[in-house]
Each structure stands twice: as structure tokens, then as C-alpha cells.
Amino acid sequence: MSDVPKPEELAKVDHTSPLITGWMNSPVEIKKGVACYAGKPKNLEYVGLPNPREWSPLDEDWKLPDNWKEIILDGLRERLERFRSLKIFMDICVRCGACADKCHFFIGGGDPRNMPVLRAELLRSIYRREYTTAGKIMGKFAGARDLTVDVLKEWWYYFFQCTECRRCSVFCPYGIDTAEITIIGRELLNLVGLNIDWISAPVANCYRTGNHLGIQPHAYKDMLDFFVDDIEEITGVKMEPSFNRKGAEILFITPSGDVFADPGTYTCMGYIMLFHYLQKMGLDITWSTYASEGGNFGYFTSHEMAKRLNAKMYAEAKRLGVKWILGGECGHMWRVINQYMDTFNGPADFLEEPVSPITGTKFENAKGTKMVHIIEFTADLIKHNKLKLDPSRNDNLKVTFHDSCNPARGMGLLEEPRYVIKNVCNNFYEMPENTIRELTFCCGGGAGLNAGEDMELRMRGGLPRANAVKHVHEKYGVNMLACICAIDRAVFPDLMQYWIPEVGVIGVHEMIGNALILEGEKERTTDLRSEPLHGMEEVEEAEEVKKEEKVEENKDV
Amino acid sequence: MNFIIGILFSLVVVGIFVLIPWVGVWAFDLRYLFGIIVPYAAVATFIVGIIIRVLGWARSPSPFRIPTTAGQQKSLPWIKQNKIDNPSGTIGVIIRMALEILLFRSLFRNMSLEFRGGAKLAYEWEKWLWIAALAFHYSFLVVLLRHLRFFTEPIPAFVRWIEKLDGLFEIGIAPFAGFAAPGILISGFILIAALTYLFLRRLYISQTRYISLPADYFPLFLIIGIAATGILMRHMGVFMQFIFKVDWFSVQVVNVKELAMGLVTFNPKIPEGIGTIFFIHLFLVSTLIAYFPFSKLVHMAGIFLSPTRNLANNSRTVRHINPWDYPVHVHSYDEYEDEFREKMVEAGLPVEKMPESQTEDGSGTQEEAEKE
Ligand code: HEM
Ligand code: SF4
Ligand code: SF4
């Protein structure tokens with residue numbers, strides 16, 4: 001963060017493109033603070049990705065295989081045959097520019113190659129050269145250019161400056177989805193060993209340990225045990241989540257980020273509390289250490305890698321003999337589950353159509369994949385009055401809600417989270433309508449770009465979102481940004497710290513954890529973060545004093 | 001390549017396409033070539049080209065369901081689904097596609113970004129592109145349909161209606177009485193106005209100026225050329241004759257109709273009394289038709305096949321097959337447990353197989369603990 005320019009500096013963005021020099025003639029400079037680190041050889045080797053080696057994007061020599069050009073062009077041909085999307089998107093763009101100022105990276109950075117249309121043209125220009133007659137004969141006059149090492153570097157630089165958020169595709173009159181082009185572009189790059197560390201390391205970890213962070217089974221359990229202790233301290237209720245338990249009715253899978261780092265950990269505590277609450281009402285659920293990752297960084301590598309990592313979910317469900325799967329709050333995880341999982345690894349005919357054991361609701365919309373989103377599950381519980389909630393315990397929060405890109409534009413999960421939020425807190429304010437729901441702005445760190453070394457890029461990409469949060473902060477005093485995505489929870493704290501330090505970040509199930517009235521709980525004086533509840537500041541202080549006194553006493557003894 | 005070269009190049013090419021028939025007909029009298037062979041060749045190229053294009057697209061499958069969901073999904077029964085922007089079935093998809101194709105619904109969402117210093121963003125009303133795009137496409141369609149009167153005998157009623165309506169509009173909104181003379185049709189003028197706007201916009205907005213290729217200017221200029229020559233023939237012929245006593249732009253409509261009928265009945269002939277201007281018009285149209293399948297103009301066909309728009313968001317309900325799916329390497333649970341078994345047992349996690357040492361004397365973990 002220290003070498004990122006100051007917010008006032010960063011906010012001076014120039015959106016005018018160069019007047020005279022065309023983009024094909026202006027060289028690309030790979031910048032620190034924007035480019036991510038290269039993938040490490042050991043991680044590529046572990047999952048069998050091509051060309052593992054030490055290299056750096058800041059070096060001149062990227063150590064490509066000798067026949068890299070052949071590999072890329074063959075790969076492109078193969079993908080044109082496999083994806084109608086790619087073929088059509090290569091052919092029909094009219095360069096109307098409707099998508100140009102819709103990308104958060106362009107808005108916050110002004111680099112013209114971050115206009116979705118130009119990002120796509122980076123690939124399209126090669127497509128024209130190789131596969132269209134006009135491009136072969138007329139070259140630049142037909143918008144075609146040769147594939148060179150510099151072009152490849154340009155691809156790498158800009159396909160790893162796209163968070164695959166699909167905002168551009170909402171505005172395109174033909175639905176051209178630059179995310180799809182980025183996905184396939186990254187797939188091509190991976191064929192010659194061009195990746196980023198922040199993606200290839202989680203992929204290798206996930207392959208081996210079941211989750212992106214490389215948490216081994218015993219440690220995974222340890223971490224949840226910590227949360228159990230914390231919950232007991234806060235609520236006085238002891239909970240016992242179960243792991244890898246055969247014969248459970250439901251398997252729960254959530255992103256490992258929430259097990260690992262604040263503020264996601266509090267969301268994780270929320271899950272544990274909800275499941276405990278429902279246990280007596282008939283919920284029979286298990287966590288898994290093998291399928292301990294909901295997210296899928298394979299999806300940011302290639303379709304094949306996405307499928308390889310996703311396979312664990314059904315495999316584990318089958319091994320444990322559960323009836324259906326419940327999935328936690330996560331963004332791209334849900335795009336994969338909604339739009340790919342059944343096709344990748346289905347049919348899940350060994351599972352049953354999901355039915356809520358508490359309300360009896362059949363989740364008709366999930367009868368194929370047999371996987372339900374926890375927000376759908378919880379919304380249904382609240383609708384049926386199955387949860388005793390005290391929203392006033394979230395009274396110190398003035399909340400706004402960030403629609404994560406993937407659940408919004410790759411699924412359509414818009415009302416469910418709002419319904420839940422409105423039931424667990426009293427102060428909810430929407431951001432301006434051009435920045436929410438299907439028009440939502442990315443957090444700036446999706447699709448594997450939530451690394452540390454590209455902080456400037458992230459702060460720029462997150463600017464439109466931060467700007468909307470700032471608006472509600474100034475207008476309504478919003479102090480909490482709610483989300484249903486583990487990457488959001490990892491990315492937003494930095495972003496808020498940078499642009500609007502007064503605003504924190506919270507998962508929706510953390511708010512549930514706060515509001516949920518547990519059987520036999522003691523009077524709560526703090527929220528899950530151990531911060532005093534609204535109106536409890538004094539009680540809490542007194543408690544603190546008492547505790548300190550106790551400590552003192554103990555010392556004396 | 002920059003916009004200056006792009007524009008000049010496109011202008012020159014369109015200029016050449018104007019000169020070719022001009023010289024050809026005026027100096028060399030190649031009426032048969034420009035009146036019959038070129039149009040036939042252009043239409044044949046169009047048909048074959050479009051078929052190849054569309055079949056080419058269709059040959060590649062849509063392996064995954066990737067609709068862009070722009071509204072609430074079908075979920076719990078009490079949550080209202082947005083059936084058009086997030087369709088879960090065929091009817092919704094058809095409505096969504098119809099709105100895209102007939103009304104450019106996605107383009108209607110357009111708004112422009114206003115960036116005020118100090119990181120203040122605002123999103124402003126920006127429907128001009130949408131308005132101009134609709135104006136252009138619909139006036140183009142009207143002009144196209146009006147041309148049916150050359151190719152049909154008797155002329156279908158709807159073509160007459162369109163013509164009437166086209167003329168009526170003029171009378172309704174014209175500012176000067178004189179301008180509203182009967183027989184003047186507004187669609188051609190709207191067409192040119194919209195195209196001019198689209199061109200100026202491309203030039204004026206720094207972003208579109210930067211991304212534009214000759215392939216973006218060329219069709220605009222070409223269609224402006226077509227519309228201009230058409231308007232010259234239709235409205236200026238009589239005028240020029242009357243005022244300046246020259247017959248540059250006059251064309252005998254009966255003769256044009258004879259030529260057109262000859263073409264569609266495959267009984268082509270070149271009647272007398274058709275001015276050079278007509279051959280220029282026809283050549284530009286032929287160019288557009290032949291150019292169509294190989295250019296961005298195929299968006300007309302492509303939009304129907306766009307997977308982010310023409311698929312239902314039902315992939316959690318209905319299974320979809322990827323035709324080129326292949327088996328992949330996965331890390332099985334057994335491999336996982338083999339690596340972590342000891343630690344799992346130690347942490348009290350259930351395992352499929354007990355560790356070797358433990359099954360032998362039942363105290364593997366303890367032993368290890370003692371060692372330390
Ligand atoms: C199903 C039929 C069609 C649909 C839905 C459609 C839709 C669109 C849309 C939404 C745009 C973007 C807005 C704009 O830039 O104007 C566009 C651009 C364009 N269309 Fe079409 N179109 C169709 C058929 C055609 C045909 C038959 C032509 C033939 C001349 C054509 C020529 C163009 C041109 C030249 C542009 C670019 C305008 C520019 O440079 O800004 N379109 N079309
Ligand atoms: S909105 Fe679509 S057609 Fe227009 S420039 Fe962007 S990708 Fe191309
Ligand atoms: S998908 Fe998102 S990040 Fe990528 S080009 Fe489109 S708007 Fe930008």
C-alpha cells in the first residue's frame with residue numbers, strides 16, 4: 001500500500017485517448033503496481049501446467065517455449081471451434097463504444113486498453129490476421145496485426161487487468177462479453193506458461209489440500225474450533241460443527257478465505273451459529289476438509305482447470321452420502337456452480353432434489369445441480385419465520401449492500417440478500433441505482449487480481465464502487481459495506497481504507513450471527529467482532545474493567 | 001493507424017467505388033456489366049457469404065450456458081423473477097431477443113460517465129447513440145422496403161402504405177410549407193442525418209475515435225453515398241432539370257423498374273434512358289451487399305446467435321451437455337487422505353483407512369507424541 005500514490009493523486013484520471021498515435025503503434029509499458037507476479041514453477045508443476053520456470057513480467061525475456069507462436073495459434077483455432085461465443089464475439093463488434101466507459105478499470109485508470117472493446121481488440125486483431133481474408137491481405141487497414149512477443153506481453157498485461165465482471169456485456173447491444181474473451185485469452189496464455197502467482201498458487205493449493213489457502217485438514221478444524229471458542233465467549237453457547245461426517249443430510253461448502261482472514265471469519269462464525277441454531281429443528285449438516293473451498297481459481301486459469309477443481313464438490317458429496325449441497329457466500333464460486341458445474345461434473349444423480357429440512361421448501365431452481373445458495377436457504381427460513389432475530393443488535397451499523405459481479409450478472413441473486421439484510425438490521429441504504437444490481441461495480445480485485453503487488457490497479461479498479469459507497473456514507477452516514485462474497489471481504493478492507501476509511505466490511509451471515517437469538521444465550525454485550533453493541537458501550541466497558549481487575553487479581557495471586 | 005488515416009482511407013475507397021461505375025458507364029458504356037453482372041455477383045456473394053458465416057458460427061457449440069443475467073433470477077416462489085432480463089425458459093428468451101433486435105434494449109441502458117476531479121463520478125443520461133442507432137436502422141429498413149416497388153408487380157399494399165406514411169410524416173413535421181411537397185420522403189433524410197451523427201460521434205468522442213478502424217468508417221461513408229445518390233435521383237432530378245436545364249440526376253422510374261424486374265425474373269435487360277447516377281447508386285449498393293458477410297455488418301445475423309443473450313439461465317435446473325467434454329485429472333479423496341491421514345487422525349477427523357502404525361498396535365499417534 002505504501003507505494004500506491006495518494007488518493008488525491010490517483011483520482012486525477014484522464015480519460016481522453018491519444019489523438020494521433022493509434023493504439024497498435026503505441027508500445028505498452030508494463031508497470032509495477034499494476035502487473036502481478038509471475039506464477040511459480042513449483043505450483044505449475046504440481047497441477048501439470050505447461051512451461052514451469054522462474055520468470056518476471058518486468059524482465060525483457062519471458063522464457064517462452066521456442067514454438068510459442070504455433071502453440072498459441074493452434075490453441076486459438078481449437079477454441080474458435082469449441083466456443084461459439086468466441087467466434088461470434090470476434091466477428092460482430094461494431095466498435096460503437098457503448099462498453100468503453102463501463103469498465104471500472106478504465107473509469108479508475110483511464111488506460112484506453114482497459115476499455116472492454118479495446119481489450120477484446122487485442123485478441124481480435126490477431127484473429128483477423130490469421131483467420132480473415134481481409135486481415136491477411138490488408139493488415140493494419142483491416143485492423144489486423146502480427147502476433148509477436150510484444151503482443152503476447154500485451155495480452156498478459158491486459159487480460160490480467162480484467163476481473164471478468166461482465167459489466168461491459170450488460171451494455172453491449174450484442175451481449176459481447178469481454179469476460180469471456182479474457183477467460184479464453186488467459187487460457188491461451190496458460191498454454192505457454194504465462195500466469196500470475198496469485199492464481200497459480202491457490203490453484204495448486206486447492207488441488208492438493210482442498211482449498212486455495214493450502215490449509216491442511218487438522219488446521220482447518222483448528223480454525224473452526226477457534227471460532228467456536230469465540231462464539232462461546234460472546235454468546236455463552238457451545239457449538240459443535242462436524243467435519244467429513246458420513247451420512248449427514250447436507251454438505252456445506254464455502255470459500256476458505258472466510259476461514260482464514262478477518263472480516264470473513266465473522267461470516268464463518270455466522271454460519272456456525274446458524275447451523276447450531278437449526279440443529280434442534282432438524283438440520284443435519286457437515287463441513288468438509290477435502291471440499292474445503294467454494295471458490296475456484298481454476299476458473300481464472302482455464303475451463304479445464306475449473307472443472308478439475310470443481311470436481312471435488314460432487315466427489316465429496318458422493319463419498320459422504322449426503323442428499324444435497326449448501327454453498328456459502330461467494331462470488332465467482334456461484335457463477336461456476338450456476339453456469340458450469342452440472343455441465344462440468346454432473347449429473348449429480350446420486351443426490352436428491354434439495355428440500356429445506358426446516359421449512360420443507362423445495363428449491364426448484366436447484367433441482368439439477370442440487371446445490372443451494374445459503375442466502376436462498378436463509379431467506380426461506382426468515383420468510384417462514386423460523387429464525388428468532390433481534391435486528392437491533394446490528395443497530396450500530398448503517399449498512400449498504402454491494403452486489404458482487406458474479407451472483408449479479410452470472411446468476412441474478414439480487415433480492416434474496418436484500419431480503420435477508422432488511423430482516424437483520426434496521427438501517428439499510430441502497431447505493432445509486434447505476435451502481436447496484438446488474439449494473440454493480442466490481443470490487444476491483446476479482447478473477448484472481450486480489451494480490452498485494454497490484455495494489456494501484458486495485459485501488460483504481462475499485463474507485464467507482466468506492467465512490468458510490470462514499471456517496472451513501474456522506475448522505476446517510478453509512479459505515480458498513482455488506483457483501484456476499486469472500487473475495488469482496490478480502491478486497492474491500494484495503495479499498496475502503498484507501499478511499500473511505502470510515503466504512504467497514506461485513507458478510508451478510510455475520511449480521512445474521514449478530515441478530516440470531518440463540519437458545520440459552522447470555523445477554524450479548526458485543527457483536528461477533530467483540531465490539532460493544534449499540535447502547536452497550538458502558539456495560540462493555542464495565543465488563544472490560546471487571547476482566548482487567550480479574551487479571552490483576554490473578555496476578556496478585 | 002489513426003483516425004485521420006482511417007477516414008481518408010475509407011473516403012478514398014468509397015470515392016473509387018463511385019468512380020468505377022461512373023467511368024465505366026459514362027466513358028465505356030459498360031451498362032451490362034454494372035447493371036446486371038455486378039448486382040448478380042454481389043447478391044450471390046452475399047447469399048453464399050452469409051450462409052458460410054452462419055454455418056461457421058453454428059458449427060462451434062455453446063458448451064456452457066453463459067447468459068448475462070440482468071435481473072432477478074428464478075428463485076423462491078415469493079421472489080419476483082425478472083423474466084425478460086433473466087429468462088428461465090424459452091418464452092422469456094424470445095422476448096429478450098425480440099427486444100434486443102427490435103429495440104436495441106441493451107444499448108438503451110447506455111449512460112455516460114462524468115468524471116469530476118476529486119474522484120466524483122456521475123452517470124449522465126446518454127440515449128443519443130440509442131436514438132441514432134434506431135433512427136438509422138429503421139430508416140434503412142423503410143428505404144429498403146420502399147424499394148420493393150421496383151421489384152414487384154403489382155406493388156404489394158404494404159409497400160404503398162409505407163410510402164404514404166413516409167410522405168405523410170414529412171407533411172406533419174416540416175417547418176416550411178414548400179418543403180412538404182408531396183412525393184418527398186423523409187426516411188432518406190433521416191438515414192443521412194443519423195449516419196452523419198454516428199460518424200461525428202465516432203470522431204468527436206475520444207474513445208470511439210481511438211478504437212475506430214477503417215472498417216467502421218467505410219460502411220458509414222458507403223451508406224451515406226448510397227443514400228445521397230438515391231436522394232439525388234429521387235428529389236433533385238426534376239429540380240435540376242427545371243432550374244438548370246440539365247438532366248444529370250434524372251432517371252426514368254419506369255425504365256429502372258424494367259431493369260429491376262428483369263433482374264428478379266432472371267430475364268435481365270438494360271433499358272434505355274437510365275442516367276449514370278443510377279449506375280453509381282447500384283454499384284454502391286452492390287458493394288454494400290457483397291461486403292456485408294465479410295464485415296462487422298454481420299452483426300445482423302450474429303446477434304441471433306449471441307450466447308449471452310439467447311440462452312435461458314436455467315443451468316441449475318436443467319442439465320446441459322458440453323459436446324466436447326473430456327475427462328480430466330482430479331485429486332481424489334484417497335490421494336488426499338493418503339497425504340494427510342496421520343494429521344487427520346490426530347485432529348480427530350474421520351478417515352476411510354486407519355494409519356498402518358495405528359492398526360498394528362493401536363497407538364501410532366501416541367508413539368509419535370512420546371518420541372517428541
Ligand atoms: C437484425 C438486424 C440488426 C440489428 C439488431 C442491428 C443492431 C445494431 C446495433 C445495436 C448497432 C449499434 C449502434 C450503432 O452504432 O448504431 C448497430 C450498428 C450498425 N449497424 Fe446494425 N443492426 C441490424 C442490421 C443492420 C443492417 C442490415 C445493416 C446494413 C447496412 C447495419 C449496419 C450497421 C452499421 C453500419 C452500424 C455501425 C454504426 C456506427 O458506426 O456507429 N445493421 N447495429
Ligand atoms: S458495446 Fe459491444 S459492439 Fe459496442 S464496442 Fe463494445 S463490444 Fe463492441
Ligand atoms: S469484464 Fe469487467 S473488468 Fe473485464 S473488460 Fe468487462 S467491465 Fe472490464
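Both backbone and side-chain heavy atoms feed into the values below; hydrogens, waters and symmetry mates do not. Lettering follows sequence order; numbering is per chain, from 1.
- Contact annotation for A:H15: both backbone and side-chain heavy atoms come within less than 4.5 Å of a heavy atom of chain B.
- If you measure heavy-atom distances from A:Y46 to chain B, the contacts under 4.5 Å come from the side chain alone.
- For A:K312, the part lying near chain B is the side chain, with the backbone staying farther off; criterion is any non-hydrogen pair under 4.5 Å.
- Neither side chain, B:Q81 nor A:E415, offers a donor N or O lying under 3.5 Å from an acceptor on the other.
- Minimum interatomic distance between B:R109 and A:F171 (heavy atoms only, all atoms of both residues): O-CE2, 3.3 Å.
- Contacts between A:L80 and chain B at a heavy-atom distance below 4.5 Å involve the backbone alone (N, CA, C, O).
- At a threshold of 4.0 Å, the pair A:E376-B:R316 counts as salt-bridged, since one of the basic side-chain nitrogens sits closer than that to a carboxylate oxygen.
- Contact check for B:I66 versus A:E180: side-chain heavy atoms found under the 4.5 Å cut-off.
- Closest approach of A:D101 to B:L113, counting heavy atoms only: OD2-N, 3.3 Å.
- Listed by first then second residue, pairs satisfying ring-ring contact (aromatic ring centres under 6.0 Å, His included) with a partner in residues 304-329 of chain B read A:F83-B:W324, not counting sequence neighbours.
- Proximity to chain B (any heavy atom under 4.5 Å) is restricted, for A:R335, to the side chain, taken from C-beta onward.
- For A:A134, no part lies near chain B; criterion is any non-hydrogen pair under 4.5 Å.
- Ranked by heavy-atom pairs shorter than 4.5 Å toward chain A, the options B:E100, B:K343, B:H299, B:H331 are led by B:H331.
- Proximity to chain B (any heavy atom under 4.5 Å) is shown, for A:E416, by both the backbone and the side chain.
- Heavy atoms closer than 4.5 Å to chain B are found in both the backbone and the side chain of A:T209.
- B:Q72 and A:L414 make their closest contact through OE1-N, 3.1 Å (heavy atoms, listed as atom of the first residue, atom of the second, distance).
- Between A:F344 and B:F64, the ring planes are perpendicular. Angles over 60° get that label, and only those under 30° would be called parallel.
- For B:K296 and A:D91, the salt-bridge test fails: no basic side-chain N is under 4.0 Å from an acidic carboxylate O.
- Neither the backbone nor the side chain of A:S356 comes within contact range of chain B; no heavy atoms are under 4.5 Å apart.
- No other option in A:E304, A:R437, A:K221 has as many heavy-atom pairs under 4.5 Å with chain B as A:E304.
- Interface remark: A:I107 contributes backbone and side-chain atoms alike to the contact with chain B (heavy atom separation under 4.5 Å).
- Heavy-atom distances place both the backbone and the side chain of A:V13 under 4.5 Å from chain B.
- A:Q339 touches chain B through backbone and side chain together, each having a heavy atom under 4.5 Å away.
- If you measure heavy-atom distances from A:A98 to chain B, the contacts under 4.5 Å come from both the backbone and the side chain.
- Side-chain atoms of B:S60 and A:K87 form a donor-acceptor pair, as typed in the model, at a separation below 3.5 Å.
- Comparing B:R209, B:M344, B:E339 by how many heavy-atom pairs each has under 4.5 Å with chain A, the most go to B:E339.
- For A:T289, the parts lying near chain B are the backbone and the side chain together; criterion is any non-hydrogen pair under 4.5 Å.
- Using a 4.0 Å cut-off between a side-chain N of Lys or Arg and a carboxylate O of Asp or Glu, B:E352 and A:R319 qualify as a salt bridge.
- Your options are B:I211, B:N110, B:L107, B:N86, and the one with the most heavy-atom pairs under 4.5 Å with chain A is B:I211.
- By the salt bridge (charged side-chain N to carboxylate O under 4.0 Å, His left out) test, A:D342 pairs with B:R319, sequence neighbours left out.
- Using modelled atom types, one finds no donor on one side chain facing an acceptor on the other under 3.5 Å when comparing B:N314 with A:N365.
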